[in-house]
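Throughout, protein chains are lettered first and strands after them, A, B, ... in sequence-line order, and every chain is numbered starting at 1. As the structure is a prediction and not an experimental result, all values here were calculated from the model.
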Amino acid sequence: MSRLRELGHDPWGQRFDGREAIRDLRGRQDEIQFRRANSNETISVPIDLAADPFRQWLGTQGQGELSGPTVRTTGRIMLLRDTGKLIFLDLEDWTGRIQLFIGKTQVGAENWELAQQFDLGDIIGVEGELRRTRTGELTIFAASLHFLTKSLEPPPDKHHGLTDPEARQRMRYVDLLYGDGVRDRFLDRTKIVQSIRQTLTQLGYCEVEGPTLHAIAGGAAARPFATHHNALDTKLYMRIALELHLKRLLVGGIERVFELGRVYRNEGISPRHNPEFTMLEVYEAFGDYGTMMDLTERLIVNATKAIGKGYVLPWGDTQIDFTPPFARRTYDELFHEKTGIDPLDAKAVANLAKGEGIETVGRHPDVIKSDLFEARVEDELVGPIFVTDYPASVCPLTKRKAENPAIAERFELFVHGMELANAYSELNDPDLQEELFRTQLAGMSADDSMARMDHDFIRALRHGMPPAGGLGIGIDRLVMLLTNSQSIRDIILFPLLRPEIGT
RNA sequence: GAGGCUGUAGCUCAGUCGGUAGAGCAACGGACUUUUAAUCCGUAGGUCCUGGGUUCGAGCCCCAGCAGCCUCACCA
């Protein structure tokens, strides 16, 4: 640091204009020429040869030298090989990595003095000629060097990076720099979210931002985080879903609406659950769950295209095939197929449930069936597969089928046992909705103090919500599936951790 | 909330039966003008997660706690 200042360099750097991304530099390797000595003949240099073939190729060209374009770029020093009067270092920016050559006589005394101060992790700027070394490695031959930022902390092991999952999450900045594929995975997350927003916007859906502080946390069955507003002296909850406010907008005549937003649930933490996570909800007036099924498939297919790795993506030791169309099966069909039991035979269902250790006494047959479905069917669903037509009594916000009120117009999309999307034909009968809310609240314990009737939502429905299809997609799980991440903490930049003490 | 596993140098990891705390990388000093996780010589670096206990003696055994990971429950 002090030596840097002595040499007249600012350890914290300044604006650096006119730089090219390292990926773009790699795109310019076809500009490299070989000029034969004693003639003006130039020939282009083969790209992507391994070291030995390149040496052979160079050997057959006779006397001459390589030349290439002058380039200017920046990056962080990831590897450094000091061979005395030569320094090789690997420079990385968020688009890629490239080797830098610094020769003592080539670069001049001042730059050489500066290069002596370089450490792993420092951020530098460089100007030089882009060509190849004797082994064919694409390299910037430094002509001038610029110091941009000092890294005071030592980097982790240059080969392994950070492996301790706690350290990786707490110091995500280090993980992003040194973890294999970490930065690309998070950039893929951004591409997926952008793709969803673009698909919906192009189809004429209107993006809105609902409140995240709710007086009543509704729209899902989960415990909320509670907080307090001082000026109003009132208890508030962080939202657990987007649903009820988006439906109010449907009443208000916003016919195609969506929100991509963070929701908060005060529940356990697991490889598939983080207390705050991102949901997409979409509502379309005059549609139904079938409309939403087509939309879901389109959203996911486009998101898959956005990360550009084809339809068949790796998932652990296996794969997921997102080639459309996705399978569509009814709940009862799958139930029968996986259990061999007639889903309409309540007695047989109850008997099977007992065998699985599921409580049956005093519970609605549909609830027992639902538990069995989760226990025996869901894990078997490799998918992607749409499961349609759920028992009505487990779907309080869903319109019933006109010809069979025991069946709700609902689907869920499953991939490798994970519930990825959930959609309904939305219930818009205010009286039935109020009744179903009451039933739901009756089953809740007294200490679930957030369990309150949302009278304003009922009032909104009384003003007339058009028949509509509604869809929810768990964005984190979609990103997990598309990026082969088995833990939600690998695709949330800063997952919740217990606060560090003493720092 | 319950159970299991893990915690040793800045990082990645060894540590045998309970008997002086180890390696590689990084750091520091030196050699080297075409290296690829450069190589070679040398130096320095420790709250063995924390607190108790057993023991002549604990990184190792016992108890309690803290943190993380996994499984289960709640949830998506």
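A/Q33 and A/R131 share no donor-acceptor pair across their side chains, judged by distance under 3.5 Å alone. A donor-acceptor contact closer than 3.5 angstrom is absent between the side chains of A/N266 and A/Y237. Of the N and O atoms on the side chains of A/E412 and A/Y331, not one donor lies less than 3.5 Å from an acceptor on the other residue. When only modelled atom types and interatomic distance are considered, A/N422 and A/R410 share a side-chain donor-acceptor pair under 3.5 Å.
Distance A/D379 CG to B/U71 C1': 13 Å, rounded to the nearest Å. Nucleotide B/U35 holds its C1' atom 15 Å from the CD1 atom of A/I77, rounded to whole Å. If you take CD of A/E419 and C1' of B/C74, they are 15 Å apart, rounded to a whole angstrom. Taking atom CZ of residue A/R134 and atom P of nucleotide B/U34, one finds them 6 Å apart after rounding to whole Å. When rounded to the nearest whole Å, the span between CZ of A/R272 and P of B/C72 equals 9 Å. One interatomic measurement links the two molecules: CG of A/D82 to C1' of B/U36, which rounds to 14 Å at whole-angstrom precision. The interatomic distance linking A/N274 (CG) with B/C74 (P) rounds to 19 Å, in whole Å. Counting to the nearest Å, the P atom of B/U34 and the CD atom of A/E65 are 17 Å from each other.
Partners of A/H9 according to the ring-ring contact (aromatic ring centres under 6.0 Å, His included) rule, which considers only residues two or more places apart in sequence or in another chain, do not exist here. Partners of A/T139 by side chain to side chain contact (heavy atoms under 4.5 Å, CB included), not counting sequence neighbours, listed by chain and number: A/Q99, A/F101, A/T133, A/E137, A/F141. Every residue meeting the side chain to side chain contact (heavy atoms under 4.5 Å, CB included) condition with A/L244, not counting sequence neighbours, appears here in chain and number order: A/R248, A/D454, A/F457. With sequence neighbours excluded, no residue satisfies side-chain hydrogen bond (donor to acceptor under 3.5 Å, both in side chains) with A/R35. With sequence neighbours excluded, the residues that form a side chain to side chain contact (heavy atoms under 4.5 Å, CB included) with A/S195 are A/T199, A/N302, A/A303, A/A306. In terms of the salt bridge (charged side-chain N to carboxylate O under 4.0 Å, His left out) criterion, residue partners of A/R172 (sequence neighbours excluded) are, by chain and number, A/D175.
You'll find that the side chain of A/K104 is closest to B/U33, out of B/U12, B/U33, B/A37. Counting only heavy atoms from C-beta on, A/F141 has its side chain closest to B/U34 among B/G68, B/U34, B/C70. You'll find that the side chain of A/T135 is closest to B/U35, out of B/U35, B/C69, B/A76. Picking from B/U33, B/C69, B/U35 the nucleotide with the shortest atom distance to the side chain of A/Q106 gives B/U33. If you check B/C70, B/A67, B/A76 against the side chain of A/R170, the one that comes closest is B/A67.
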Let me check something: any side-chain donor-acceptor pairs from residues 51-64 of chain A under 3.5 Å, sequence neighbours excluded? List them with distances.
unit_1 : atom_1 : unit_2 : atom_2 : d
A/T60  : OG1    : A/W57  : O      : 2.6
A/Q61  : OE1    : A/R36  : NH2    : 2.9
A/Q61  : NE2    : A/W57  : O      : 3.3

Side chains of residues 112-121 of chain A: which donor-acceptor partners sit under 3.5 Å, not counting sequence neighbours?
unit_1 : atom_1 : unit_2 : atom_2 : d
A/E113 : OE1    : A/R3   : NH2    : 2.7
A/Q116 : NE2    : A/W112 : O      : 3.4
A/D119 : OD2    : A/K150 : NZ     : 2.8

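Between B/C69 and B/G29, the distance separating the two P atoms is 39 Å to the nearest Å. Taking atom P on both nucleotides, B/A38 is separated from B/G15 by 27 Å, rounded to a whole Å. The same atom, P, is picked in B/C61 and in B/U6; the two are 10 Å apart, to the nearest Å. Look at the C1' atom in both B/G10 and B/A2: the space between them is 37 Å, to the nearest Å. Atom P of B/U16 sits at a distance of 33 Å from the matching atom of B/C28, rounded to the whole Å. Comparing the C1' positions of B/C63 and B/C25 gives a spacing of 38 Å, expressed to the nearest Å. To the nearest whole angstrom, the two P atoms, one in B/U39 and one in B/G51, are 39 Å apart.
Dashed line: the shortest gap from a side-chain N or O of A/T83 to OP1 or OP2 of B/U35 is not under 4.0 Å. Between A/R477 and B/A76, a side-chain N or O to OP1/OP2 separation shorter than 4.0 Å is absent. Between A/Q169 and B/C69 there is a side-chain polar atom (N or O) within less than 4.0 angstrom of OP1 or OP2. Within the 4.0 Å cut-off from OP1 or OP2 of B/C70, at least one side-chain nitrogen or oxygen of A/R489 is found.
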Nucleotide-resolved protein contact map, nucleotides 24-29 of chain B, B/S/- at heavy-atom distance under 4.0 Å: BSS---
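Partner assigned to B/G51 is B/C63, using Watson-Crick or G-U wobble distances below 3.5 angstrom. The base-pairing partner of B/G1, taking Watson-Crick or G-U wobble contacts with both distances under 3.5 Å, is B/C72. Pairing partner, B/A38: none, since no Watson-Crick or wobble contact has both distances short of 3.5 Å. For B/U12, the paired base is B/A23 (Watson-Crick or G-U wobble, both distances below 3.5 Å). Pair assignment for B/G45: none, as no Watson-Crick or G-U wobble contacts are both less than 3.5 Å.
Residues A/Y283 and A/F258 place their aromatic rings such that the two centres sit no closer than 6.0 Å.
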Using a cut-off of under 3.5 Å, enumerate the N/O to N/O pairs linking the protein to nucleotides 42-49 of chain B.
none

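Place A/G268 and A/E166 on RNA chain B by their nearest nucleotides, and A/E166 ends up nearer the 5' end. Nearer the 5' end of RNA chain B, as judged by each residue's closest nucleotide, is the contact made by A/E153, out of A/E137 and A/E153.
A donor-acceptor contact under 3.5 angstrom links the side-chain atoms of A/T133 to the base of B/U35. Residue side chain A/R81 reaches the base of B/U35 through a donor-acceptor N/O pair under 3.5 Å, judged by distance alone. Checked by distance alone, A/T105 brings a side-chain donor or acceptor within 3.5 Å of a matching partner on the base of B/U33.
Under the 30°/60° scheme for interplanar angles, the aromatic rings of A/F386 and A/F411 are found to stand perpendicular.
Contacts between residues 84-103 of chain A and RNA chain B, defined by a heavy-atom separation below 4.0 Å, involve A/G84, A/K85, A/L86, A/F88, A/Q99, A/F101, listed by number.
A/Y178 comes within contact range of no nucleotide atom at all, as no heavy-atom separation falls under 4.0 Å. Across all strands shown, A/G161 has heavy atoms under 4.0 Å from sugar-phosphate atoms exclusively, and none from any base. Residue contacts for A/L162: at a heavy-atom cut-off of 4.0 Å it reaches the sugar-phosphate backbone alone, with no base atom in range. Across all strands shown, A/D164 has heavy atoms under 4.0 Å from sugar-phosphate atoms exclusively, and none from any base.
Applying the salt bridge (charged side-chain N to carboxylate O under 4.0 Å, His left out) test to every pair with at least one member in residues 153-166 of chain A, sequence neighbours left out, gives these pairs: A/E166-A/R170.
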